[in-house]
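In what follows, every chain begins at residue 1, and chains take the letters A, B, ... in the order their sequences are listed.
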Amino acid sequence: MSELASLTTAWYDNNARDLPWRQPEIGAWPVLISEFMLQQTPVVRVLPVWREWVARWPAPADLAAEDSGEAIRAWGRLGYPRRAMRLHACATALVERHGGEVPRRLDQMLALPGVGDYTARAVLAFAYGQRHPVVDTNVRRVAARAVHGLPDAGAATTPADLTLVESLLPQAESAAARASAALMELGAVLCTARTPRCEACPLRDRCAWRRSGAALPAGPSRKPQRYAGTDRQVRGLLLAVLRHASGPVDKPSLDVVWPDPVQRERALDSLLADGLVVPRGQRFGLPGRVPADI
DNA sequence: CAACCGTGGCA
DNA sequence: TTGCCAAGGTT
């Protein structure tokens, strides 16, 4: 295996965070839940919600039996609530296509709703111990720095990223899966975007970036994403009203969240188009069966 | 393929 | 205080 992977894995052996979805017998479904929740959302915010979900819906069939609106409500404030709907759709697909199990083949994983290149390989590696290049933003940053001597990676994962990371992994399956977890952990804990802790890094004497001075990038690595005043903020405010309501709400209850009627209507329309909100006569609610007393 | 999709915390 | 960032996926 590459020196980079062996050094990182040795460091991981002594420094891995004790995250609940890393427990050996945790099962593929809880791992899949964690991967959905961790898409663009920090670990500390995922932890409590993940525990709730695993306790409430211990198998894909349990979630599939619920209304998708319950998934959206239980998603809470994790952000990007379309992920909740996709995870619900994913659970349904697992029941319909795979007997309620998480499949063990990459093509089957990639065909699931909300599962892309990263999530598919992450689940196969971490839940089943398979050998796949698991390339997320952390791994791409570690590779950009340690291998290429660059301060940060490009905007998106490329096929070259997968090829490179695959070449770094040990041949044995379980060792490769552990190396993948280690590379991610290094990027998440030490080799961070803004304030890397190179002194503590197992690659400090080998890292191409550090050897060349470890200059941080001048500007932002990604395109800056605004939030205040955007449709996303309005969508979030509208959905928060519905999450806290026990049933459908009337239009005035939604109108109070944002002053501009044009943007408010646009946001509501987009939520309806996404299926995150459904019309109930003159009211609006989360998707699901209508309570009998309404 | 660039844009879009939430939310909160920290430097 | 505020801009940047966080285990991406879809269109």
A/Arg141, nearest nucleotide to its side chain (from C/dA6, B/dC5, B/dT7) = C/dA6
ask   = How would you label the contact of A/Arg22 with the nucleic acid (heavy atoms, under 4.0 Å): base, sugar-phosphate, or nothing?
value = base
request  = Starting at atom CE of A/Met109, determine the distance to atom P of C/dG8, rounded to an integer number of angstrom.
outcome  = 15 Å
remark   = Ranking C/dG3, C/dG9, B/dG6 by distance to the side chain of A/Gln39, first place goes to C/dG9
ask   = So what does A/Leu239 touch, heavy atoms closer than 4.0 Å: a base, only the sugar-phosphate, or nothing?
value = nothing
task = Determine whether any donor atom in the side chain of A/Arg45 lies under 3.5 Å from an acceptor atom in the base of B/dT7, or the reverse, and answer yes or no.
result = yes
request  = Remember a base hit wins even if backbone is also touched, and classify A/Arg226 as base, sugar-phosphate or nothing at under 4.0 Å, heavy atoms.
outcome  = nothing
message = In this structure, how many angstroms lie between the P atom of B/dG8 and the CG atom of A/Leu78, rounded?
response = 10 Å
request  = Could you measure between the two P atoms, the one in C/dA7 and the one in B/dA11, and give it in whole Å?
outcome  = 15 Å
key: Rounded distance (Å) that lies between atom C1' of B/dT7 and atom CZ of A/Arg235   = 14 Å
remark   = The nucleotide from C/dA7, B/dG6, C/dC5 with an atom nearest the side chain of A/Leu38 is C/dA7
request  = Starting at atom CG of A/Leu47, determine the distance to atom C1' of C/dA7, rounded to an integer number of angstrom.
outcome  = 12 Å
task = Between A/Ser34 and A/Pro113, just flag the one whose closest nucleotide in DNA chain C comes earlier from the 5' side.
result = A/Ser34
ask   = Any side-chain N or O of A/Tyr227 less than 4.0 Å from the OP1 or OP2 oxygen of B/dT7?
value = yes
message = Assess the residue pair A/Gln282 and A/Asp250 against the criterion (side chain to side chain donor-acceptor pair (under 3.5 Å)); give the C-alpha distance rounded to whole Å, side-chain angles, the decisive distance to 0.1 Å, and a yes or no.
response = CA-CA 7 Å; A/Gln282 297 301 308; A/Asp250 55 20; over 6 Å; no
task = With heavy atoms under 4.0 Å as the rule, sort A/Trp50 into base, sugar-phosphate or nothing.
result = nothing
message = For the CD atom on A/Glu265, are there more than 12 heavy atoms of other groups (residues, nucleotides or ligands in this structure) within a distance under 6.0 Å?
response = yes
note = Checking B/dG9, C/dA7, B/dG6 against the side chain of A/Ala188 (C-beta onward), the nearest is C/dA7
task = Look at atom CZ of A/Arg97 and say whether more than 12 heavy atoms of other residues, nucleotides or ligands are closer to it than 6.0 Å.
result = yes
query = Checking all strands, does A/Asp117 fall into the base, sugar-phosphate, or nothing category for heavy-atom contacts under 4.0 angstrom?
reply = sugar-phosphate
query = Roughly how many Å is it from CG in A/Asp274 to C1' in C/dT10, rounded to a whole number?
reply = 10 Å
query = With a 3.5 Å cut-off and just heavy-atom distances, do the side chain of A/Thr41 and the base of B/dG6 make a donor-acceptor pair?
reply = yes
note = With the side chain defined as heavy atoms from C-beta on, A/Arg17 is closest, among C/dC4, C/dA7, C/dG8, to C/dA7
task = For B/dG6 and C/dC4, measure between their C1' atoms and round to the nearest Å.
result = 15 Å
request  = State, yes or no, whether a side-chain contact exists between A/Trp11 and A/Leu190 at a heavy-atom distance under 4.5 Å.
outcome  = yes
ask   = In terms of heavy-atom contacts, does CD of A/Glu199 have more than 12 from other residues, nucleotides or ligands at under 6.0 Å?
value = yes
inquiry  = Within the 4.0 Å heavy-atom criterion, would you say A/Thr119 contacts the bases, only the backbone, or no part of the nucleic acid?
reply    = sugar-phosphate
request  = Pick base, sugar-phosphate or nothing for A/Gly116, based on heavy-atom distances below 4.0 Å to the nucleic acid.
outcome  = sugar-phosphate
query = Of the nucleotides B/dG6, C/dA6, B/dA11, which one has an atom closest to the side chain of A/Thr195?
reply = B/dA11
request  = Name the closest nucleotide to the A/Gln40 side chain, picking from C/dC4, B/dC5, C/dG8.
outcome  = C/dG8
key: Donor/acceptor link under 3.5 angstrom from A/Arg194 side chain onto base of C/dC5   = no
message = Quick check on A/Arg17: does its CZ atom have over 12 non-hydrogen neighbours (other residues, nucleotides or ligands) under 6.0 Å away?
response = yes
message = Without decimals, in angstroms, what is the distance between A/Leu87 CG and C/dG9 C1'?
response = 13 Å
request  = Assign each of A/Val115 and A/Asn138 to its nearest nucleotide of DNA chain C by heavy atoms, then name whichever residue's nucleotide is nearer the 5' end.
outcome  = A/Asn138
inquiry  = By the 4.0 Å heavy-atom rule, please label A/Leu110 as base, sugar-phosphate, or nothing.
reply    = nothing
request  = In whole angstrom, give the distance that lies between atom CZ of A/Arg82 and atom C1' of B/dG6.
outcome  = 10 Å
d(CZ, A/Arg77; P, B/dC5) in whole Å = 17 Å
message = Donor-acceptor pair, distance only, cut-off 3.5 Å: does the side chain of A/Glu166 make one with the backbone of A/Leu162?
response = no
